[in-house]
Structure formats: structure tokens, C-alpha cells
Engineer: 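Structure provided below as C-alpha cells; questions to follow.
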Amino acid sequence: MLKTRMNRFALIVLALVPAAVAQDSTPLRLSLKDAVALALRQNPQVILANLDVSQSHQDTRIARSALLPQVNGTLGEGVHRFNIETAFGSKFPGLAEHAGPFWVFQGGLGFSAPVFDLTLWNRYRSSQMGQDSRHSQELTVREESVLLVVSQYLGSQRAAAEVDAAQSRVDLAQALYDQAADLQKNGAGTGIDTLRSNVQLQNEKQRVIVARTSLETSLFALARLLNVDPQRKIELADQVHFFDTPQVSIDQTLERAYAARPELRQLLNEEQRAGLDAKTASQERLPKVSLSGFWLEQGLTPASIIPVYQYQFDVNVPLFTGGRIQAARDKADLAIRQLKQQEQELRNRIALEVKTAAAQLESARSQVDVASLGVS
């Protein structure tokens, strides 16, 4: 009976699998807005950037915990045996050379807390700046993903328009070929005209094949950016149309780019972190003050348990570190100089991108005006 039910269940599963596969393979019709939203939701690079932000948040929590008191509980039981001479520095006449073995039970709390340590505070501030850098990096990845998706979507629209134009040229070549063949059949045309029309028709059909291949590869690249199942086809929902683009000011656009570009904000945060690291390296020479201790219930038997405790106040002053502190300071200074160079290079690249985009926008405005005049 059980075997019969299992067989029925297997048949049901096998019957449902093709339906599920068929449902997953249905074409995915996307507008440009839908494609951008899908990329921000499931693009692998965006997901990794979000995970980096979460990880930096945990790093900040770890750095903050170093500033807080640490308390741990202990509970143990052990066997002790020690040498009386080594414990007290001499032998005692009439006493054995050792004491024990005896059982010792103890349980209680231990704690430690930093009182004065500027390096811990600077590391916590550095972790907060690192979290801001990860947020800027996430925003950079999101914008790059949007840029790639929009560019690929528009490229796919262009490829689709080229397919339509190529198909219209095929229809025209087919009509001319039919006309030439009809004229030759009625004695008003020559065979060479019909042959030329046929060659032109075959050439246009070849161009259609190339245009369709370009469209398919463009849609494959779009699916890769969107992390879509390779078995699903993508269809473009938006139609190509002309629109007037606004005039832009290079100077204002460049200033806005310097203020809003997340990769530049990330680099500035890294410069602040490097400066804080240099400050932390210098403060390694300062004294560090800490408080620690424990409180235990200890005894040989439950009846003999008494409280024991120890509290200590420590001041640690580094006198000789073998050049470690100076090397850390020099390393931080070199990192600052490196980041300054990267900042200058990034500002130049942003300026080039803004000017290039403005030139391309002006060229697009001219092309739209010319095309609109041609259509009219």
C-alpha cells in the first residue's frame, strides 16, 4: 500500500516538473523601469555590496565592544598538589615535602575594562568611517549597475530598430525583384535587371540575419546583467521615441558631480580613515590604563567555601617597541599620499566623463533634430 502511494506521488511530481519548467521559460517582458528595478534587486554585484555593508556594521559593533567592560563567568573543580619547598622557599622540619593532592572547587565572575586607551576609541571611529565607505561603495555599485542596464537596454532597443529597418529593406528589395521579374516575363525588362534585384534581395536578407543576431546577443547580455535564468527570453516593452533633451551647463554639472559621486565620497572617507590611523599610531606611545579582577567562591568542600577576590589597576607604558610605532605612522602617511593621488586621478576622470557625456548629449540633440527633419 505504501509503495503504491509513493509511486502515485512520484508520478504527480513528474507531471508537475514539466509545467514548472514551461512556466519558467515564458518570455520575460520588461520595460526600462522594470529592468532597473530587477537589477537593483538581484544583480550579483549589488548583492555583494549589500553584504559588505552588513559586514562593516558588524565590524563597528566589534570595535565598540572593545570600549565596554568584559565580564565572564567561571566554574571549575580541580586537583591540586604542590611542592612546599618551592612554594615557601625552604623546608619545614617534620612536614612532608608536598601538600595534597586535594580537590578545589571555585566559581564566580571575572571582569576587565579599559579606563584610558585612545587607540581603542580611534579604532571605533575608524570602523564607523569604514561603514560610511561601504555605504558609498554600495551606492557606486548600484549606480554602475543601473548605468550598465540602461545602456544595454537602449542598445537592445537600437538593435531591435535595426532589425525592423533591415526587414523593411528586405520588403522593398522583394517588391523590386517581383517587379523586375514581372517586367522580364512580359518582355519589358531584361534578365540582368532581374538578377541584380535578386542579388540585392539576398544581400538585404543577409543583413536581417546579422541584425537579428546582434539583437539576440544584446538581449543575452541584458539577461546576464539582470541575473535572469538563461532559459528565459527577454522581450522589450518600451518603444523607441524621440524627445527633446534639456540644455546642461558644464560647470554646474561638474560641481554637482564632485558633490554627489559616491566613489569620490568613498575616497574622501578613506583619506579620513588613513589620517585617523596615523593619529592612532602616534597615540600608541601614550600610557594605557585598565582595570581587571575577579570574585570567586572557593573551598575544598562545600562547607568550607569562602569568597576570594582580586582587583588590580594596571598602567602600561610602551618604552621600546622595536620601531613598530614609527613604522605604523610612516605606513599611514604613505597611505594618505596614495589616496591623495587617487583623489586627483578620480576628479580628472569625473571631469572627463562629464564633458564627454555633455558632448554626446549635444550630438544626440543634433541627430534628433536632423532625423526629425528627415521624417517630416
Side-chain angles (χ1 to χ4, degrees), residues 51-132 134 273 276-329 331-332:
L51 293 177
D52 287 339
V53 171
S54 300
Q55 185 177 5
S56 66
H57 178 67
Q58 303 306 322
D59 292 338
T60 302
R61 293 181 59 188
I62 293 174
R64 183 183 61 184
S65 67
L67 297 171
L68 303 177
Q70 307 293 315
V71 181
N72 60 287
T74 179
L75 180 66
E77 186 177 8
V79 181
H80 289 195
R81 184 178 187 270
F82 61 91
N83 190 310
I84 294 179
E85 182 178 0
T86 58
F88 296 97
S90 64
K91 293 183 179 180
F92 293 92
L95 294 180
E97 295 180 350
H98 65 274
F102 50 86
W103 292 84
V104 176
F105 171 83
Q106 62 181 12
L109 298 175
F111 74 93
S112 63
V115 179
F116 178 79
D117 191 346
L118 293 179
T119 59
L120 295 179
W121 172 251
N122 288 332
R123 290 190 181 98
Y124 172 61
R125 291 178 56 195
S126 178
S127 65
Q128 288 181 319
M129 293 180 182
Q131 189 172 353
D132 294 337
R134 290 296 180 271
R273 289 189 67 186
L276 194 58
D277 291 340
K279 186 177 180 181
T280 302
S282 299
Q283 292 173 348
E284 287 282 351
R285 303 183 184 275
L286 298 177
K288 298 179 179 61
V289 182
S290 62
L291 177 66
S292 62
F294 64 85
W295 184 92
L296 300 173
E297 290 283 350
Q298 191 177 74
L300 299 180
T301 63
S304 63
I305 289 178
I306 60 173
V308 296
Y309 55 86
Q310 176 182 338
Y311 305 112
Q312 63 184 38
F313 192 75
D314 297 326
V315 178
N316 184 12
V317 181
L319 300 178
F320 178 74
T321 60
R324 175 180 57 85
I325 296 177
Q326 185 61 39
R329 177 59 188 267
K331 181 180 178 181

Engineer: Would you please test Asp314 and Gln312 for side chain to side chain donor-acceptor pair (under 3.5 Å) and show each step?
Structural biologist: CA-CA 6 Å; Asp314 297 326; Gln312 63 184 38; 3.2 Å; yes

Engineer: Verify the distance criterion only: is there a donor paired with an acceptor across the side chains of Gln58 and Arg61 at less than 3.5 Å?
Structural biologist: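 The answer is yes; a qualifying pair exists.
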
Engineer: So, Arg329 side chain and Ser282 main chain: donor-acceptor pair closer than 3.5 Å or not?
Structural biologist: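 Such a contact is absent between Arg329 side chain and Ser282 backbone.
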
Engineer: Mind checking whether Trp295 and Phe111 have side chains closer than 4.5 Å, heavy atoms only?
Structural biologist: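 When only atoms from C-beta onward are counted, Phe111 and Trp295 do not touch, as no gap falls below 4.5 Å.
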
Engineer: Measure across Leu300 and Trp103 and return the closest heavy-atom pair with its distance rounded to 0.1 Å.
Structural biologist: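 Result for this residue pair: CD2-O, 3.2 Å.
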
Engineer: Do you know which two heavy atoms are closest between Phe105 and Leu75, and how far apart they sit?
Structural biologist: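 That closest heavy-atom pairing would be CZ-CD1, 3.5 Å.
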
Engineer: Restricting to non-hydrogen atoms, name the atom on Ala66 and the atom on Pro114 that form the minimum distance, rounded to 0.1 Å.
Structural biologist: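 Answer, listing the atom of Ala66 first, then Pro114: O-CG, 3.5 Å.
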
Engineer: Could you grab the distance from atom OG1 of Thr119 to atom NZ of Lys279, nearest 0.5 Å is fine?
Structural biologist: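 Nearest 0.5 Å value for the OG1-NZ distance: 12.5 Å.
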
Engineer: Locate the shortest heavy-atom distance separating Pro318 from Leu286; write the atom from each residue and the value.
Structural biologist: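 In this case the closest contact between Pro318 and Leu286 is CD-O, 3.8 Å.
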
Engineer: The test is side-chain contact (heavy atoms from CB on, under 4.5 Å); show your working for Leu109 and Phe294 and say whether it passes.
Structural biologist: CA-CA 6 Å; Leu109 298 175; Phe294 64 85; over 6 Å; no

Engineer: Using the side-chain contact (heavy atoms from CB on, under 4.5 Å) rule, take Gln298 and Val104 through it: C-alpha gap first, then chi angles, then the decisive distance, then the call.
Structural biologist: CA-CA 7 Å; Gln298 191 177 74; Val104 176; 4.0 Å; yes

Engineer: Any donor-acceptor pair under 3.5 Å linking the side chain of Gln283 with the backbone of Ala281?
Structural biologist: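 Not a single qualifying donor-acceptor pair exists.
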
Engineer: If you round to the nearest 0.5 Å, how far is CZ of Arg134 from CG of Leu51?
Structural biologist: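 One finds 12.5 Å between CG of Leu51 and CZ of Arg134.
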
Engineer: Under 4.5 Å between any side-chain heavy atoms of Lys331 and Asp277, yes or no?
Structural biologist: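 No, their side chains stay 4.5 Å or more apart.
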
Engineer: What is the distance from atom CZ of Arg123 to atom OG1 of Thr280, rounded to the nearest 0.5 Å?
Structural biologist: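 If I round to the nearest 0.5 Å, the distance is 6.5 Å.
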
Engineer: Does some side-chain heavy atom of Arg285 sit less than 4.5 Å from a side-chain heavy atom of Gln326?
Structural biologist: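 Yes, their side chains come closer than 4.5 Å.
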
Engineer: Can you tell if the side chain of Phe116 reaches within under 4.5 Å of the side chain of Val315, non-hydrogen atoms only?
Structural biologist: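 No, every pair of side-chain atoms sits at 4.5 Å or beyond.
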
Engineer: Say you draw a straight line from CG of Leu276 to CG of Asn122; how long is it, rounded to the nearest 0.5 Å?
Structural biologist: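 So the gap between those two atoms works out to 4.5 Å.
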
Engineer: Check for a donor-acceptor pair, side chain of Gln70 on one end and backbone N or O of Ser65 on the other, with a separation under 3.5 Å.
Structural biologist: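 Yes; at least one donor-acceptor contact below 3.5 Å.
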
Engineer: Nearest 0.5 angstrom please: Phe313 CZ to Ser292 OG, how far?
Structural biologist: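 If I round to the nearest 0.5 Å, the distance is 10.5 Å.
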
Engineer: Would you call the rings of Phe102 and Phe82 parallel, tilted or perpendicular if under 30° counts as parallel and over 60° as perpendicular?
Structural biologist: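 Because their plane-to-plane angle is over 60°, the rings of Phe102 and Phe82 count as perpendicular.
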
Engineer: Testing the basics here: between Ser127 and Ala63, what is the closest heavy-atom pair and its distance to 0.1 Å?
Structural biologist: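 It is OG-CB, 3.6 Å.
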
Engineer: Could you give the distance from CD1 (Ile306) to CD (Glu297), rounded to the nearest 0.5 Å?
Structural biologist: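 Atom-to-atom, Ile306:CD1 and Glu297:CD are 8.5 Å apart.
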
